[in-house]
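Reviewing the structure listed below.
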Amino acid sequence: MEIPALTKGPIMVRHLAMFAAATAEFVDIHYDRGFAESRGLPDVIIQGWYKTAIIAQMLKDWVGDGTAIKRITVQYRGMDIAGNTLTTGGKVTRVSQKGSEKQVECEVWVENQHSQRTAIGTASLIL
Amino acid sequence: MSELLEHLSKYIGPESEPIVYSIDKGAIKFFADSLINPDPLYCDDDYARTTKHEGIIAPPTFYGGATSLRNVKAGDARTVSSTNIPILPGWVGMNAGDDFHLLTPIRPGDTLTSHEKLIDAYEREGRSGHLIFAVVEKTLTNQHGQVTLVRRVTSVFRATKPKEGHH
């Protein structure tokens with residue numbers, strides 16, 4: 001079963017600067033283009049956590065309750081730069097019934113507009 | 001064992017000084033705004049009261065923003081990692097992954113205390129050469145003593161110049 005995709009973007013430098021403040025994690029490669037380029041990067045980089053947070057939004061929008069999400073594990077496999085449009089996706093891999101609760105395991109991912117899957121992971125939900 | 005792995009391994013175990021966050025509605029709304037997420041659960045009291053949560057809660061993975069910090073200044077490197085472990089010259093690090101365990105909803109008015117420690121360091125041969133991984137665990141506990149969230153952050157380090165012996 002596929003989880004309805006969620007598309008975000010283009011994600012601009014201002015969103016990355018806002019996310020830095022919204023998480024209290026100020027790391028210059030995420031909002032300072034000159035600094036990022038001085039480190040050999042092509043542009044400022046979208047935070048990995050940003051990708052995990054939009055995967056969480058996709059799951060919340062799908063089941064209607066964010067507190068059903070118990071665990072999200074994501075590997076950042078590729079860099080995304082400011083201006084990219086990201087689409088999250090996922091599919092259910094296992095459903096098990098435990099008493100009155102249903103435990104749902106999913107594969108999740110983030111793809112950019114070049115069809116590069118730059119984050120992959122798993123999520124566990126209890127419904 | 002590489003020099004960096006040996007260095008990191010010495011820091012595994014002890015907890016660093018905690019970071020304290022006071023959560024308010026503004027910080028929750030701002031996190032959602034940065035994600036271009038218009039969900040009224042994160043900003044509209046009247047709507048949020050009609051949900052099973054009976055009020056605003058934070059989006060999953062949020063645990064405090066720059067204005068939430070109580071015992072350190074915004075911009076302090078300890079807010080990224082309070083372990084403050086010095087990385088040796090000649091190595092560059094990136095965030096390689098996140099593992100969020102979401103246990104108790106976070107609400108406006110919560111005070112969260114983050115305890116953090118390095119729990120693992122290991123090495124692997126990657127496509128781009130020799131890589132060192134470090135895993136930091138942050139445990140966020142609310143004012144009721146409930147663990148709200150555990151975040152394990154994996155960082156990957158690579159040498160900025162190829163070392164002799166690695167091709």
Side-chain angles (χ1 to χ4, degrees), chain A residues 6-12 14-30 39-41 45-61 64-79 85-86 119-126, chain B residues 19 21 26-39 41-42 51-53 57-70 72-81 92-106 114 149-156 160:
Chain A
L6 176 70
T7 295
K8 295 275 180 184
I11 298 165
M12 308 308 287
R14 70 171 174 277
H15 299 119
L16 307 184
M18 287 164 66
F19 192 71
T23 55
E25 288 201 350
F26 294 97
V27 179
D28 296 338
I29 58 167
H30 297 307
R39 293 297 176 100
L41 297 168
I45 302 300
I46 297 176
Q47 290 95 335
W49 185 357
Y50 198 99
K51 300 182 196 181
T52 299
I54 63 173
I55 288 171
Q57 185 188 341
M58 169 187 72
L59 295 169
K60 191 270 183 189
D61 291 352
D65 177 9
T67 64
I69 308 165
K70 302 302 176 190
R71 186 173 182 185
I72 306 178
T73 306
V74 179
Q75 292 177 10
Y76 307 128
R77 292 296 189 90
M79 288 190 293
T85 294
L86 301 182
I120 58 168
T122 57
S124 301
L125 297 87
I126 292 182
Chain B
I19 305 278
Y21 302 86
I28 290 172
K29 176 181 179 293
F30 186 56
F31 181 84
D33 288 349
S34 73
L35 295 165
I36 325 171
N37 183 349
D39 194 326
L41 178 60
Y42 307 131
T51 68
K52 68 176 269 196
H53 311 296
I57 60 169
T61 79
F62 171 86
Y63 53 85
T67 60
S68 314
L69 295 166
R70 281 296 160 267
V72 293
K73 305 275 188 221
D76 189 311
R78 285 174 294 171
T79 63
V80 178
S81 178
V92 62
M94 298 282 281
N95 187 356
D98 268 308
D99 181 10
F100 282 92
H101 296 248
L102 306 166
L103 302 169
T104 309
I106 293 169
S114 174
L149 178 154
V150 177
R151 181 186 181 198
R152 294 194 186 112
V153 185
T154 302
S155 299
V156 59
T160 49

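These numbers come from a predicted model, not from an experiment. Note on naming: letters A, B, ... go to the chains in the order of the sequence lines (proteins, then strands), and numbering restarts at 1 for each one.
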Side chain from CB out, backbone as N, CA, C, O: work out which of these in [X] comes under 4.5 Å of a heavy atom of chain A, or both, or neither.
X: Ile28(B); answer: neither
X: Leu35(B); answer: both
X: Asp33(B); answer: both
X: Ile57(B); answer: side chain
X: Pro59(B); answer: neither

Gap separating the CD1 atom of Ile36(B) from the CD1 atom of Ile54(A), nearest 0.5 angstrom: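 These two atoms lie 8.5 Å from each other.
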Under 4.5 Å, counting heavy-atom pairs only, tell me which of Lys60(A), Gln47(A), Met79(A), Arg77(A) racks up the most with chain B.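 It is Lys60(A).
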Out of Ala53(A), Gly48(A), Ala119(A), Ala21(A), return the one with the most heavy atom pairs under 4.5 angstrom to chain B.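 Among the listed options, the one with the most contacts to chain B is Ala21(A).
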List the atom of Thr79(B), the atom of Ala24(A), and the distance in Å for their closest heavy-atom pair.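 Heavy-atom minimum between the residues: OG1-O, 2.7 Å.
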Go through the structure and list residues passing ring-ring contact (aromatic ring centres under 6.0 Å, His included) with Phe100(B), not counting sequence neighbours.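 Partners of Phe100(B) by the ring-ring contact (aromatic ring centres under 6.0 Å, His included) criterion, ordered by chain and then number, come out as Trp49(A).
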For Tyr76(A), ring-ring contact (aromatic ring centres under 6.0 Å, His included) partners two or more places apart: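 Applying ring-ring contact (aromatic ring centres under 6.0 Å, His included) to Tyr76(A) gives none.
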Under 3.5 Å, side chain of Ser34(B) to main-chain N/O of Ala22(A), donor-acceptor pair present?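 A pair under 3.5 Å: no.
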